[in-house]
2 protein chains.
Amino acid sequence: MNIGQAARKTELPTKTIRYYEEIDLISSIRSENGYRTYTDQDIHRLTFLKRSRSLGFSIEECRLLLSLYDDKDRASSDVKAIAQGKIIEIEQKITELQSLKATLGTLVNHCHGDNKPDCPILDGLSDKTVNWSAEENGKHHCCKN
Amino acid sequence: MNIGQAARKTELPTKTIRYYEEIDLISSIRSENGYRTYTDQDIHRLTFLKRSRSLGFSIEECRLLLSLYDDKDRASSDVKAIAQGKIIEIEQKITELQSLKATLGTLVNHCHGDNKPDCPILDGLSDKTVNWSAEENGKHHCCKN
DNA sequence: ATAAGACTTCCAGTGACTGGAAGGTCAAGT
DNA sequence: ACTTGACCTTCCAGTCACTGGAAGTCTTAT
């Protein structure tokens, strides 16, 4: 099948499929007219890439996973270790985002949000000496609640 | 003060400070020898940028926040709305990551992680017909527990 | 015959920096 | 006076994972 059909099957843009070939994640055979041709095997590989990428693996991690996928003698423990490492990364990212959210939430809660120019959010952003911890209870110069 | 001292004060790399100038987020006056010179006002602005960026605002959002910061007549509600929108974005990102984590966790739990080549994680990645929802309880071809 | 659509390659742009080369300036020490 | 080293300058290239667009070839349908 041609690249368009492969794109439809895998739900990957054709641009992305060509890009994956360019960086040697996949290969393709060309038919007489120069068009790329894909087999079911290729679709499998592209699906693998699509799912791995959507699960947060980088291209280089995908390359590693694919090499393990291709290696008939690999140990499943190798793959498990990679996936577990990725889970830890994701957990760290979540923690970080929760902290951001808490800080922003504090800023927002301190802001009366009216038409007056006085804005505790901007003050909080500009003044690094202000301690905008999420838990603090607002005895600030800027507001009374 | 010169760029090095400004960098130390704001904990931003000099490269980043020059970059912010290049994209017109900040400006600087030059002394006779061509060195960039920064005032306390500039340090304030750079600190604002550093904190906004670390809270997840994009450069363009920072540009908008700075323009509100500069606008003595802005309404604090404008700033509040931006911050609230950002909180929602962060919440969505967290939800997404939690879903990734759940899926990866399921894959990992299905993998015995031994020296044998059979690996449910790779199977799960390559076969889009396998339903790897996080809640499912493992009556798969690949394992018995 | 022609038009639409699918395919090709190549080049450039994204965001937010980061690294490195090649050179100018300055203060301290010998 | 000279050297060393830190600090500064500009400019160009690279990162990551695509994405967009131009210009041209090929196939298919009317």
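Here is the naming used below: chain letters follow the sequence lines, and residue numbers restart at 1 for every chain.
Here B:Asp71 contributes atom CG and A:Cys119 contributes atom SG; the two are 11.5 Å apart, rounded to the nearest 0.5 Å.
Side chain of B:Ser76 to backbone of A:Asp114: a donor-acceptor contact under 3.5 angstrom is found. Within the 3.5 Å criterion, the main-chain N or O of B:Gly4 finds no donor-acceptor partner in the side chain of B:Asn2. Between the side chain of A:Ser99 and the backbone N or O of A:Thr95 there is no donor-acceptor pair closer than 3.5 Å.
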Below 3.5 Å is the cut-off: list the nitrogen or oxygen pairs between protein and nucleotides 25-30 of chain D, distance only.
| unit_1 | atom_1 | unit_2 | atom_2 | d |
| --- | --- | --- | --- | --- |
| D:dT27 | OP1 | A:Asn33 | ND2 | 3.2 |

Where do N or O atoms of nucleotides 18-21 of chain C meet protein N or O atoms at under 3.5 Å, pair by pair?
| unit_1 | atom_1 | unit_2 | atom_2 | d |
| --- | --- | --- | --- | --- |
| C:dT18 | OP2 | B:Thr16 | OG1 | 3.2 |
| C:dG19 | N7 | B:Lys15 | NZ | 3.0 |
| C:dG19 | O6 | B:Lys15 | NZ | 3.0 |
| C:dG20 | O6 | B:Lys15 | NZ | 2.2 |

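Nucleotides of DNA chain C nearest to A:Gly34 and B:Arg53 differ in position, and the one nearer the 5' end is that of A:Gly34.
Atom CD of A:Glu32 and atom P of C:dT8 are 15 Å apart (whole Å). Protein atom CD of B:Glu21 is 16 Å distant from nucleotide atom C1' of C:dC17, rounded to whole Å. Following rounding to the nearest Å, A:Lys50 (NZ) and D:dC18 (C1') show an atom-to-atom distance of 14 Å. Taking atom CD of B:Gln5 as the reference point, atom C1' of D:dA6 lies 14 Å away to the nearest angstrom. Between the C1' atom of C:dG15 and the CG atom of B:Leu25 lies a distance of 13 Å, rounded to the nearest Å. Distance CG (A:Leu12) to P (D:dC18): 8 Å, rounded to an integer number of Å. Note: CZ (B:Phe57) to C1' (C:dA16) measures 17 Å, nearest angstrom. Distance CG (B:Leu49) to P (C:dA16): 12 Å, rounded to an integer number of Å.
Electrostatic pairing of B:Arg45 and B:Asp70 counts as a salt bridge here, judged by a charged N lying under 4.0 Å from a carboxylate O. Under the 4.0 Å criterion applied to side-chain N and carboxylate O atoms, A:Glu11 and A:Arg53 are not assigned as salt-bridge partners. In this structure, B:Lys86 pairs ionically with B:Glu89, as a charged nitrogen and a carboxylate oxygen lie closer than 4.0 Å. The residues B:Arg63 and B:Glu60 are annotated as salt-bridged, a charged nitrogen and a carboxylate oxygen being separated by less than 4.0 angstrom.
Across all strands, B:Thr14 comes closer than 4.0 Å to no nucleic acid atom at all (heavy-atom distances). A:Ile23 comes within 4.0 angstrom of nothing in the nucleic acid, heavy atoms only.
Between A:Arg36 and C:dA6 there is no side-chain N or O to OP1 or OP2 distance below 4.0 Å. Side-chain N/O atoms of B:Arg18 include none lying less than 4.0 angstrom from OP1 or OP2 on D:dC7. Note on B:Arg30: every side-chain N or O is 4.0 Å or more away from OP1 and OP2 of C:dT25.
A tilted orientation is assigned to the rings of B:Phe48 and B:Tyr69, their planes being inclined by 30° to 60°.
For the helix from C:dA1-D:dT30 to C:dT30-D:dA1, the end axes, each set by the C1' atoms of five terminal pairs, are bent relative to each other by 30° (nearest 10°).
At a threshold of 4.5 Å between non-hydrogen side-chain atoms, the residues A:His110 and A:Asp123 do not count as touching.
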_Evaluate A:Arg36 against A:Glu22 for salt bridge (charged side-chain N to carboxylate O under 4.0 Å, His left out), listing each step before the verdict._
CA-CA 13 Å; A:Arg36 287 172 180 81; A:Glu22 196 189 319; over 6 Å; no

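Of the N and O atoms on the side chains of B:Asn109 and B:Thr106, not one donor lies less than 3.5 Å from an acceptor on the other residue.
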